[in-house]
Amino acid sequence: MMASSYNAKDEDGHHPGSVGSGGPGAVKSKKPDNTAFKQQRLPAWQPILTAGTVLPAFFMIGLIFIPIGIGLLVTSNNIKEFEIDYTGVDMFSPCFNCSQSYSWNSTSACTCSVPFTLDQPFESNVFMYYGLSNFYQNHRRYVKSRDDSQLNGDKSSLLNPSKECEPYRTSDKKSIAPCGAIANSLFNDTLELFYIHPNGSRIAIHLVKTGIAWWTDKHVKFRNPGENNNNLSIVFQDTSKPVNWRKPVYELDPSDPDNNGFINEDFIVWMRTAALPTFRKLYRIIQKKKDNMTPTLPPGNYSLEVIYNYPVRSFDGRKRMILSTISWMGGKNPFLGIAYITVGSVCFFLGVVLLIIHHKYGNRNNNADIPN
Amino acid sequence: MGSLLSACGINVKKKKVEEERHLRANDREFNLSFKYANNAIKTSKYNVFTFLPLNLFEQFQRLANAYFVFLLILQLIPQISSLSWFTTVVPLLLVLSITLAKDLSDDITRHKNDNHVNNRKVEVLINGELKSEKWMNVQVGDIVKLENNEFVTADLLLLSSSEPLNLIYIETAELDGETNLKVKQALTLTGDLGNDIQKLAAFNGEVRCEPPNNRLDKFTGTLTMRGETFALDNERILLRGCTLRNTEWCFGLVVFGGPDTKLMQNSGKSVFKRTSIDHLMNVLVMFIFGFLAFMCTILSIGNAIWEYQEGNSFITFLPRADGANASLSAFLTFWSYVIILNTVVPISLYVSVEILRLGNSYFIDWDRKMYHVKSDTPAQARTTTLNEELGQIKYIFSDKTGTLTQNIMTFNRCSINGKSYGEVVDFAGQRVEVTEKTEKVDFSWNPLADPKFCFHDHKLVEVVKSGSPEVQAFFRLLALCHTVMPEEKTEGELFYQAQSPDEGALVTAARNFGFVFRSRTPETISLVEMGVPTTYELLAVLDFNNVRKRMSVIVRSPEGKLTLFCKGADTIIYERLHPSSSKLMEVTTEHLNEYAGEGLRTLALAYKDLDEDEFEKWKERHHEASTSLEDREAKLDTIYEEIEKDLLLLGASAVEDKLQDGVPQTIEQLAKADIKIWVLTGDKQETAENIGYSCNMLREEMKEIFIVAANTAEEVREELVNARKKMSPESGDEPPIEKSRLLGKKSQVVEDEKVDGEYGLVINGHSLAFALQKDMQLELLRTACMCQAVICCRVTPLQKAQVVELVKKHKKAVTLAIGDGANDVSMIKTAHIGVGISGQEGMQAVLSSDFSFAQFRYLQRLLLVHGRWSYLRMCKFLRYFFYKNFTFTFVHFWYGFFCGFSAQTVYDEWFITLYNLVYTALPVIGLSIFDQDVNDRWSFQYPQLYAPGQLNQYFSKMAFARILLHSCYSSLVLFFIPWAAMCDTVRDDGKDIADYQSFALLAQTCLLIAVSVQMGLDTYYWTAVNQFFLWGSLSVYFAVTFTMYSNGMYLIFTSSFPFIGTARNSLNQPNVWLTIFLTTILCILPVVAKRFLFIQLKPTINDKVRHKVRQAKAVPPPLPRKFPRRRISTRRSGYAFSHARGYGDLVTSGRFLRIPVKSRPALFPHTDTPVADSTPQTYRTIFEEAQSP
């Protein structure tokens, strides 16, 4: 075999004479276009994992994460939170009696009073939550058991609710408003807070019951039917109340027309179903004192007055009352802070380990020649 | 699994089977009574009305589609439905409509083609008149008139033609891929009809023949005319798909029309090829189904327990449907979870796979570096579903002629009277490398010379001019002793039609050196000898055949001298030489060895003067033998033998079987990529061996080259075993069969065996026949697979397929067959991938191939660049796709434990619908269309990069298991980090954020960002498109989310978009973003650490090259160009004839060439198109397109 006539330039596709179509009138060549896209020569950034990028990245992440984590943890620890379980499982707990005698329909309210002590002052606005445990608000059948159209004030849905609401769709041949299992199981304990002054007097603490729901829920998602009709009892006259409710929906807060019917905020908050079986929901807000000098809740003895209606013992549920202040990152939750510190440290550690490995083996392997 | 069932289309209704065809010429009424198909063809599948129902029916036969319909039905049951109907309907509709659109456009193209063909015009004899008629209106029994260069309309019975003896010439390239012309002859009886329209119109012969079938080489039937019956055979039949050549006109009777023609009968559905990744995916999908069932079972058991323990007491708040109890609930939950977790087998997977295969096919079509300028042929991916397989090839089966070689012969060297010519020597007597610049011999003194002929040795011309008798005799022999047909279109413009390109090359050489073969009649051959017209009387042609391996002519010169000229294989000629030539013989043998060492095909030339009496006597006996009825061939052979003796040696010619450009380099590259190349050729052993050497397959540095050429089965076995023992002494007698892991199926896979050093194997056709027998197959396979290069000679097309089949069956390897001719079709169809060389011979190989291009050397680009990229991309795609969907799905699994196993989804339903279709669709397609680890130049630089594909390293069951684990980890992070971060927390204004909707939004945002970042990690090649897709998809996600959660959407579609306000209320929270950031980092941190660690500790070839690319930061150094060393070898080829018998019969029969020299279309229209340059007419020398400086 003599010299090969194989021409490397031919492979290149750039050699003169083949570029371009050869002017007008030339025979149309089937030669593919010479575009970067078609020839797969698009300019591209080709990053690879080198010690020069990976190791600094690890250290950087470590350096960024640890301070963030510390910040989060400190913030979280500065939040004051007080939690009290008033379910009444225990024989000696004040609500034991109430929890034993349970009935949805009982007319006489069972009340109990739970004393507690705050060791530290709660500054600024204090938020009062009720918490439920082991309550599957995220169960599929529960979650879908509602009719958003009805809650949005749709007239036809009001009288003919969605099938999803079964079996809480109708009662006594009247449609239920609001229909569905979620609405039916509305949390109906009433919680009141009293400060027990060292001199023995009980001072009721003012609990604000509006401003606890999302603005969008209150103003867009939930609307009373009958646009401007202020008399809700007429609007809801052809409907019946949910089975477990003591009073119809238009009597949830008769005192405040902007907090009554479907736009009652307690109701709205309840209707925003929780993601997990243990959850807390905003109940009331204790606004900070105007003078800003005295803490909103000074340390001392308090009493939680509960009108005990809501049965949870049957499914091993728990009811809690939580008082909490908040920060820029929300409520008290040390998890994020700890997680950030941990991940940051791990990164830093990994960075060191990888650095050692790189020094020991990396250079050898990378500079090794590729067998050809 | 997608198309497992799709192959079974709708069969056209079956007519009653036709047993015999009976038709009468010019009698439409009679023929119509049989309801034969007319000449319209229909390759389209649908019409306007049947399109939708038929296509949908076909689509629902696909398992995936059917599965999604099943899911849809499940979703319509309210107790089960865990997702809204649209989550399944939208993707399904999208998939169906994409496929619908593709099928529609395909079918429209087919309709167009059909119309184009059906509307071609042909002249038909109707009611005694020739009328131009559309093809589709031609009926069985019609008489049609064809003109030169026209396509044959239907399968015709040839009636008459313009040529003498009712001959016609046809080209059958479209039918069987052979470009040489074939001769057909009409019956004399019908031939007499001529072109007399009256007579033809009155012709009322009746034909009875076989029913339509697909055998191209056989036809049986009878023609009854005026009470007489004549037998009809294949000689009288023109098949649709052929082209009329060199014949002014001919008339034919339509026998089979349209769908009944042999062409259409042959175009059966080709076998549907699937890639090994497809097969693996089928297995994986089955596994995934099992896994899905497993997860659903666990969750439904969980549900049963929950219902039993909690649900019973939770009835107060969440009553059950009537009659439901824990076990029914668990049963329903199982199906609910089947719906939710169905994303592990996403429907969009199949669509995306098709899209990216199509994309990669287009890249092959568009590649300028696989475009051949000379023949104006771009590469073509004819099958768009096999691309990634190109990156896994382990065995290549190649044809020789037309594939490795150009099938162009160049007269390169010759030895005349002991002197060798053809080499270029410089002043110092050193051999000079011939390049384009090397001065060519000027043949302008010879007006009849072929301008394309190149020769570089000036000495030879001088010797010819000086009138050396030996040299003149040498070229005179070349000009006389052959069966070439000349054609002189215009004065002085000669074209030769040769049976084999070797002959053409030799005659052309003689022509240029002053011995111009001008014309021939049955009795004479006219030459122009050094400008002097001379006519020789041709007395006898002793034709070539495979046994004789020589041919002779006996001519009488104008002076009346009788001479026998003979050319043939050296060994054969040597046996018949006069003792006086023995000295010359030695010198010539030396030259022959040298030529053979260069891979040239050699012939020895000899002559002998005869005396008149002797010849007369011989002629009588010859006549006797040639007219004898029995054993004519054998008798003739002995007669020939008698006169071909005591020859005087003239010298030897050497013709180069020119290799295609770049073949040795390509083969070397492929060998470096650890691809084994087997050449399967119909050629003789010596030729094949020589080509093996010249194209670098067999190398001198190989330890040993085994040649298996035995005559009995036992000997073959012995030789094979010996070879194997030599290569690997410890290899056992029993083939090492891989243990099969799949139950039920018995594995036949033979493992590779270790060999030290490189070996080659040459096996001839005879031995191969034995070796391919059942009991010896494995022995052959084991031995052959241990060798680097295998050459099988004298292989029939069937054997080619058998060899491929053998490797395919017993080796877990991907095979590729490459060829150009009709004889390669079987192996092209058998191999995993078939590649056709286009632009040279016919179309048959290309038509049955999966990929086609013009030059063998493009194979390295197809495999090492496109194949490798396709494989890389496909694997990356699959790995990423499974990762993102498993991660997506597993989060639901974890959530099951927190929602009472109630089949509540973690994400918004719209997110579930759009996740695969919108949010992640384009980035992953972008990744799998544009990604490349290193560019094409580096791919060539390091062919080793190809190895991972062969070893299935990028996507295998192991890789799948790793993905599963990785997804598991990611989903744990993606669920539990948000869970822990949101648990009992509130917004910065004290309001709720741990609600279901906010949690869903957080989880889906975390997921989307985490998988997008993972995609970023997987991307090696960030083009602007990738960036756009990735950032675009993320922006689209946020845009769509904010839109869907907006007031307007809620007020319009209240029940469809209940997530109103969620995005606004939670994405403005710092802790939400901190959570997203944390999950993302946690998801990719281990991946980065692991990858970095592996690069440091155990870098793959890929890592190393990428590292090198980064260091080089530029194009790789050009490939070092190595010139193969010269080889001194005694291997020699004495083979310069085609296998078939020559035209000898025709030449002497006198039936031929009674044609006056008149203007008539050239055999091959010589236009200036590049195609014309590559027709076998041009006998280019090797150096015509040598490298540029």
Side-chain angles (χ1 to χ4, degrees), chain A residues 1 3 5-7 9 11 13 18 29-32 34 38-40 42 44-46 48-49 54 127 136 138-143 148-149 152 167 181 185 214 216 220-221 272-276 279-280 282 314-315 326 328-331 333 335-336 339 350 354 357-358 361-362 365-366 370, chain B residues 310 313-314 317-319 363 366 368-369 371 373 376 378 433 599 661-662 665 694 898-900 902-904 980-981 984-988 990-992 994-996 999 1020-1023 1047 1054-1055 1058 1060-1061 1065 1070-1071 1074 1078 1089 1091-1092 1095-1097 1099 1104 1106-1107 1110 1124 1185-1187:
Chain A
M1 174 74 199
S5 51
Y6 167 61
N7 191 341
K9 263 216 147 169
E11 298 279 5
S18 66
S29 156
K30 289 186 200 147
K31 183 158 195 167
N34 189 13
K38 287 190 174 180
Q39 302 309 317
Q40 307 198 60
L42 284 177
W45 172 51
Q46 290 172 271
I48 64 172
L49 295 178
V54 173
F127 294 81
Y136 283 83
N138 60 357
H139 195 283
R140 178 167 58 89
R141 274 188 283 130
Y142 187 85
V143 169
D148 280 324
S149 298
N152 196 230
S185 57
W214 288 7
T216 46
V220 184
K221 197 169 182 182
R272 182 154 282 282
T273 55
L276 299 164
F279 57 90
R280 60 174 68 170
L282 187 55
S314 61
F315 54 90
I326 55 164
W328 59 272
M329 56 152 290
N333 187 345
F335 169 78
L336 268 184
L350 263 178
L354 291 179
I357 289 175
H358 173 64
Y361 304 97
N365 279 321
N366 277 329
I370 305 158
Chain B
E310 313 262 340
S313 46
F314 199 58
F317 296 121
L318 185 61
F363 281 131
W366 287 333
R368 281 163 78 91
K369 293 176 189 172
Y371 165 80
V373 184
D376 190 30
E433 202 73 61
D661 291 343
Q665 290 87 339
S694 57
F898 293 86
C899 67
S902 61
Q904 176 66 357
D984 279 349
T985 199
V986 293
R987 274 152 58 95
D988 58 1
K991 293 174 188 172
D992 237 352
D995 64 299
Y996 167 71
F999 184 77
Y1020 285 167
Y1021 196 77
W1022 284 89
T1023 63
N1047 302 355
T1054 308
S1055 50
I1060 176 192
N1065 282 303
N1071 56 353
L1074 284 172
L1078 181 69
R1091 288 193 188 169
F1092 181 70
I1095 291 177
Q1096 297 301 313
L1097 297 178
K1104 285 182 185 169
R1106 269 155 54 85
H1107 196 260
R1110 201 178 174 78
E1185 43 169 348
Q1187 310 101 312

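As the structure is a prediction and not an experimental result, all values here were calculated from the model.
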State, to 0.1 Å, how close His1107(B) and Ile48(A) come at their nearest heavy-atom pair, and which atoms those are.
CA-CD1, 4.0 Å
Tell me, side chain or backbone of Ala980(B) under 4.5 Å from chain A's heavy atoms, or both, or neither?
both
For Phe314(B) and Tyr142(A), take the angle between the two ring planes, folded into 0 to 90°, and tell me which bin it lands in: parallel under 30, tilted 30 to 60, perpendicular over 60.
tilted
For Asp148(A), does its backbone N or O pair with a side-chain atom of Asn152(A) as donor and acceptor, under 3.5 Å?
no
As a quick check of understanding, evaluate side chain to side chain contact (heavy atoms under 4.5 Å, CB included) for Thr273(A) and Asn138(A), giving each step before the final call.
CA-CA 7 Å; Thr273(A) 55; Asn138(A) 60 357; over 6 Å; no
Kindly write out the residues that satisfy ring-ring contact (aromatic ring centres under 6.0 Å, His included) with Tyr136(A), not counting sequence neighbours, or none if the list is empty.
Trp306(B)
With a 4.5 Å cut-off on heavy-atom pairs, point out which of Trp1022(B), Phe999(B), Tyr1020(B) contacts chain A the most.
Trp1022(B)
Relative to chain B, which segment of Leu336(A) carries a heavy atom at a distance below 4.5 Å: side chain, backbone, both, or neither?
side chain
With sequence neighbours excluded, residues passing ring-ring contact (aromatic ring centres under 6.0 Å, His included) with Phe1092(B):
none
Report which part of Pro1058(B) has an atom under 4.5 Å of a heavy atom belonging to chain A: side chain, backbone, both, or neither.
both
In this structure, which one of Arg140(A), Arg141(A), His139(A) forms a side chain to side chain contact (heavy atoms under 4.5 Å, CB included) with Gln904(B)?
Arg140(A)
Check each atom of Phe315(A) against the heavy atoms of chain B and say whether the ones under 4.5 Å are side chain, backbone, both or neither.
both
Relative to chain B, which segment of Ile326(A) carries a heavy atom at a distance below 4.5 Å: side chain, backbone, both, or neither?
side chain
Region of Val220(A) that comes under 4.5 Å of a non-hydrogen atom in chain B
both
Most contact-rich option vs chain A, by heavy-atom pairs under 4.5 angstrom, among Thr1054(B), Asn1071(B), Val986(B), is Val986(B)
The interface call for Leu350(A) against chain B, heavy-atom contacts under 4.5 Å, is side chain
